[in-house]
Amino acid sequence: MANTDRIEKKVTLRAPRSRVWRAIASAEEFGAWFGVKLEGAFAAGGKTRGKITSPGYEHLTLEVLVERIDPERYLAFRWHPYAIDPKVDYSSEPTTLVEFSLEEKDGATELTIVESGFDRVPLARRGEAFRMNE
């Protein structure tokens, strides 16, 4: 039976952990990677938001709540996946938790990305949210 609550991906990157960390933890580099122009830096307990720059989604704003930062090892935030209707207020809905874990392996960096909590996303967009993030 397929897991519908959690997505987990692992990739080994031929780069030092410090470089991979910068790509994830720098709001500017993260934004370039994920197609969003974030305002401000990531800080544990803080919210960061910005305009999505991906074609067709420029009218949307992304907001994340940073749960935890363990420099060069772990970054976690919460957000509303597939929150694409600008007429809907998603703020009272459950979020998913996105976690980035870094580990040094044989001169490279293993990056694990986990997003969990899809089973709590409202049914009307749950399947598409999972599919789009998978």
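These numbers come from a predicted model, not from an experiment.
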Close side-chain approach of R73 and E103, heavy atoms under 4.5 Å: no
Same apolar cluster: F34 and M132, side chain cutoff 4.5 Å: yes
Nearest non-hydrogen partners of A44 and I69, listed with the distance: N-CD1, 3.8 Å
E134 bridged to K9 by N-O distance under 4.0 Å: yes
Same apolar cluster (I L V M F W Y, side chains within < 4.5 Å links), L75/V114: no
Point-to-point distance, once rounded to the nearest 0.5 Å, from OG1 of T61 to CZ of R49: 5.5 Å
Whether F77 and F100 hold their rings parallel, tilted or perpendicular, with breakpoints at 30° and 60°: tilted
Closest contact, heavy atoms only, P81 versus N133: CB-ND2, 3.6 Å
Pair F42-V64, side chain to side chain contact (heavy atoms under 4.5 Å, CB included): steps then yes or no: CA-CA 9 Å; F42 290 136; V64 300; 4.0 Å; yes
Within 45° cone and under 6.0 Å: R68 NZ/CZ vs Y74 ring: yes
Single-linkage hydrophobic cluster I84~V88, side-chain heavy atoms < 4.5 angstrom: no
Shortest non-hydrogen contact from E99 toward A76: CG-CB, 4.1 Å
All side-chain hydrogen bond (donor to acceptor under 3.5 Å, both in side chains) counterparts of E67, not counting sequence neighbours: R78
Nearest heavy-atom neighbours spanning D70 and W21: O-CH2, 3.8 Å
With sequence neighbours excluded, residues passing side-chain hydrogen bond (donor to acceptor under 3.5 Å, both in side chains) with E72: none
Sidechain N-carboxylate O distance under 4.0 Å for E93, R125: yes
Charged N-O contact under 4.0 Å between R6 and E8: yes
Interatomic spacing from CD in E115 to OG1 in T95 - rounded to 0.5 Å: 9.5 Å
From K10 atom NZ to T112 atom OG1, the distance as rounded to the nearest 0.5 Å: 4.0 Å
Cluster overlap I113 with L62, hydrophobic side-chain contacts below 4.5 Å: yes
Pairwise side-chain contact, L97 with W79, heavy-atom cut-off 4.5 Å (strictly under): no
Return all side-chain donor-acceptor pairs below 3.5 angstrom for residues 24-33, not counting sequence neighbours, or 'none' if the list is empty.
| unit_1 | atom_1 | unit_2 | atom_2 | d |
| --- | --- | --- | --- | --- |
| S26 | OG | E28 | N | 3.4 |
| S26 | OG | E29 | N | 3.3 |
| E29 | OE1 | R19 | NH1 | 2.7 |
| E29 | OE1 | R19 | NH2 | 3.0 |
| E29 | OE2 | R22 | NE | 3.4 |

Pairwise distance CD(E128) to CZ(R131) - rounded to 0.5 angstrom: 4.0 Å
Same apolar cluster (I L V M F W Y, side chains within < 4.5 Å links), Y90/F118: no
Gap between atom OG1 of T53 and atom CG of L60 - 0.5 Å precision: 11.5 Å
Other residues, nucleotides, ligands: >12 heavy atoms within 6.0 Å of D106 CG: no
Residue pair D119 / T4, side-chain donor-acceptor N/O under 3.5 Å: yes
Straight-line distance of H80 NE2 to T96 OG1, nearest 0.5 Å: 8.5 Å
Within 6.0 angstrom of K51 NZ, more than 12 heavy atoms from elsewhere: yes
Heavy-atom closest contact (V20 atom, A15 atom, distance): CG2-CB, 4.0 Å
